Amino acid sequence: MISIEPLIYILIFVAVLVLVQGAYLVIFGKSISMDGKVNRRLEMLDKGGNREQVLDQLRKEMTQHMKSQSIPIYSLLATKAQKANIAFSPAQLMLLMILVSAAAFVMLTLMTEVALAVRALVAVLMGIGGVYTWVNSKATKRMNLISEQLPDAVELMVRSLRVGHPFSSAVAIVAREVPDPLGTEMGIISDETAYGRDMGETLKSMAERLDNQDLRFLAVAVTIQQSSGGNLAEILDGLAKVIRARFRLFRRVNAITAEAKWSGKLLSAFPIVALIGINLVQPNYFDEVMESPLFIPAVFVVAAFLVLNLIVMRALVDIKV
């Protein structure tokens, strides 16, 4: 008899991810998905939002997560949620974890026959792990998009400066022409400087919040030009070339280290895949071994070695450029 429980667990976890993404799109709409030609800030303004109110809402979304790092469980994903610019508040994300954990518990109850305590533990792990996986994927996608968009945005600033626009107008043009995620970020900078905040300080704040080295270069270039003068268009033109060269270098490094990364993932995943396969073909294969008092300690030792393998392989391919 073939056991399908391992597949059920995988399907339930996938269902948790779908539930989280579906709830996000239902509550905030498709403009939050970062794949539209018009950025979210412009859509909010087009819908009749006041410029100051839109700025307040976007700034609240962009800073709310780091202010909640003191919450024990939430501290695990605060930095990722900040980079992903998740519109859910920390309280809403915590509530979402509870709701999807409850949904996972219901699905486990209906589709499996494991003990109540095991169902509850697995449901909680799926709820927290599902939300974390979703936030992490959003953060990775958003940061990659910003890195891709930044050279084009800087070159657009250069063209604007060369035709006579001031730098604040060049930033405003980028905010109108560039889609999300960078378009909304630049729109916030444009609005903040319009209300009196220093441009260099605003750029530096964004660079630190997103932890992006190329944005730090941009902030430093603008700050130095403000204090000592110079041709900002030429400075930014050189910066755009540097950013493009760094981006190409990062892509080349990723291509070179891809084999090692996937080897590490494969080596760590293979025992788990083999375990699932054995359970599917012969559900009673481990029954005698499970009665041994050394079974549970051995499971923890194997799990520790799998995690250590991932850490070591990640450290080996983590090349600083």
Side-chain angles (χ1 to χ4, degrees), residues 21-66 80-89 92 134-135 137-161 165-195 197 199 202-212 214-216 218-219 222 236 239-240 243-244 247:
Q21 178 67 11
Y24 196 57
L25 292 177
V26 168
I27 294 173
F28 295 102
K30 194 175 183 300
S31 63
I32 203 77
S33 61
M34 294 187 299
D35 57 2
K37 294 182 179 179
V38 178
N39 62 61
R40 183 168 176 241
R41 169 179 167 270
L42 292 181
E43 286 197 0
M44 293 170 69
L45 291 173
D46 288 341
K47 291 178 180 178
N50 179 272
R51 184 180 182 184
E52 186 174 355
Q53 292 174 341
V54 170
L55 175 61
D56 287 341
Q57 180 179 342
L58 293 175
R59 287 181 64 183
K60 180 181 177 182
E61 291 176 0
M62 290 181 176
T63 58
Q64 61 186 344
H65 300 289
M66 297 307 292
K80 296 290 185 182
Q82 184 76 21
K83 290 183 178 180
N85 192 32
I86 301 298
F88 281 133
S89 68
Q92 289 172 331
W134 175 75
V135 171
S137 66
K138 287 283 185 183
T140 302
K141 178 182 177 181
R142 188 168 187 267
M143 296 308 299
N144 288 340
L145 282 173
I146 288 176
S147 297
E148 290 182 14
Q149 290 177 311
L150 189 57
D152 293 332
V154 174
E155 289 179 350
L156 181 56
M157 293 179 192
V158 171
R159 292 194 293 270
S160 300
L161 291 170
H165 292 295
F167 185 66
S168 57
S169 297
V171 173
I173 291 172
V174 171
R176 289 196 304 269
E177 299 297 330
V178 176
D180 275 336
L182 191 59
T184 295
E185 291 282 355
M186 288 297 179
I188 292 174
I189 290 176
S190 177
D191 290 341
E192 286 183 337
T193 54
Y195 286 112
R197 191 177 181 185
M199 177 66 74
T202 307
L203 286 169
K204 182 179 178 181
S205 176
M206 180 180 71
E208 294 301 326
R209 174 166 48 80
L210 297 176
D211 191 23
N212 186 293
D214 293 330
L215 286 172
R216 291 192 183 99
L218 177 61
V222 173
L236 295 184
L239 177 61
I243 294 174
R244 285 195 183 279
F247 185 73

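Everything quoted here is computed from the prediction, not taken from an experiment.
Residues Gln149 and Pro179 are in side-chain contact: their nearest non-hydrogen atoms beyond the backbone lie under 4.5 Å apart. By the 4.5 Å heavy-atom criterion applied to side chains, Val171 and Thr193 are not counted as neighbours. Residues Val174 and Val154 are not in side-chain contact: their nearest non-hydrogen atoms beyond the backbone lie 4.5 Å or more apart. The shortest side-chain heavy-atom distance between Met206 and Met186 falls under the 4.5 Å cut-off.
Of the possible polar contacts, one joining the Ser147 side chain to the Met143 backbone as a donor-acceptor pair under 3.5 Å is found. Judged by distance alone, the side chain of Thr184 and the main-chain N or O of Pro181 form no donor-acceptor pair under 3.5 Å.
Judged as a side chain to side chain donor-acceptor pair (under 3.5 Å), and not counting sequence neighbours, the contacts of Glu185 are Arg142, Arg209. Every residue meeting the side chain to side chain donor-acceptor pair (under 3.5 Å) condition with Gln57, not counting sequence neighbours, appears here in chain and number order: Glu61. Judged as a side-chain contact (heavy atoms from CB on, under 4.5 Å), and not counting sequence neighbours, the contacts of Arg244 are Pro151, Asp152, Glu155, Arg248. For Phe167, there are no ring pair (Phe, Tyr, Trp, His ring centres under 6.0 Å) partners two or more places apart in sequence or in a different chain. Under the rule for a side chain to side chain donor-acceptor pair (under 3.5 Å), Thr63 has no partner lying at least two apart in sequence or in another chain. Qualifying side-chain contact (heavy atoms from CB on, under 4.5 Å) partners for Asp214, counting only residues two or more places apart in sequence or in other chains: Leu150, Asn212, Phe217, Ile243, Arg246. Under the salt bridge (Lys or Arg N to Asp or Glu O under 4.0 Å) criterion, Lys83 pairs with Asp211, not counting sequence neighbours. Here Glu52 pairs with nothing under the salt bridge (Lys or Arg N to Asp or Glu O under 4.0 Å) rule; sequence neighbours left out. Listed by chain and number, the residues in a side-chain contact (heavy atoms from CB on, under 4.5 Å) with Arg197 are Glu192, Glu201, Thr202, Ser205 (sequence neighbours excluded).
Remark: Leu156 CG to Arg176 CZ distance equals 9.5 Å, nearest 0.5 Å. Taken from CG in Asn85 to CD1 in Ile146, the straight-line distance is 8.5 Å, to the nearest 0.5 Å. Atom CG of Leu182 is separated from atom CG of Leu215 by 7.0 Å, given to the nearest 0.5 angstrom. Atoms CD and CG, from Glu43 and Asp180 in turn, are 8.0 Å apart once rounded to the nearest 0.5 Å. Of the inter-residue distances, the one linking Ile173 atom CD1 with Met157 atom CE reads 10.0 Å to the nearest 0.5 angstrom.
In terms of heavy atoms, Val178 sits closest to Asn39 at O-ND2, 3.1 Å. Contact detail for Ser89 and Gln64: the closest heavy-atom pair is CA-OE1, 3.4 Å. Residues Ala175 and Arg41 approach most closely at CB-NH1, 4.0 Å, considering heavy atoms. A pairwise comparison of heavy atoms in Lys204 and Ala219 identifies N-CB, 3.5 Å as the closest pair.
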Should Ile188 and Asp191 be marked as a side chain to side chain contact (heavy atoms under 4.5 Å, CB included) after you check the CA-CA gap, both sets of side-chain angles, and the distance that decides it? CA-CA 5 Å; Ile188 292 174; Asp191 290 341; 5.8 Å; no

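For residues 165-174, the set of pairs meeting the side-chain hydrogen bond (donor to acceptor under 3.5 Å, both in side chains) definition, not counting sequence neighbours, is empty.
Phe88 and Tyr24 have tilted rings, their planes meeting at an angle from 30° to 60° on a 0 to 90° scale.
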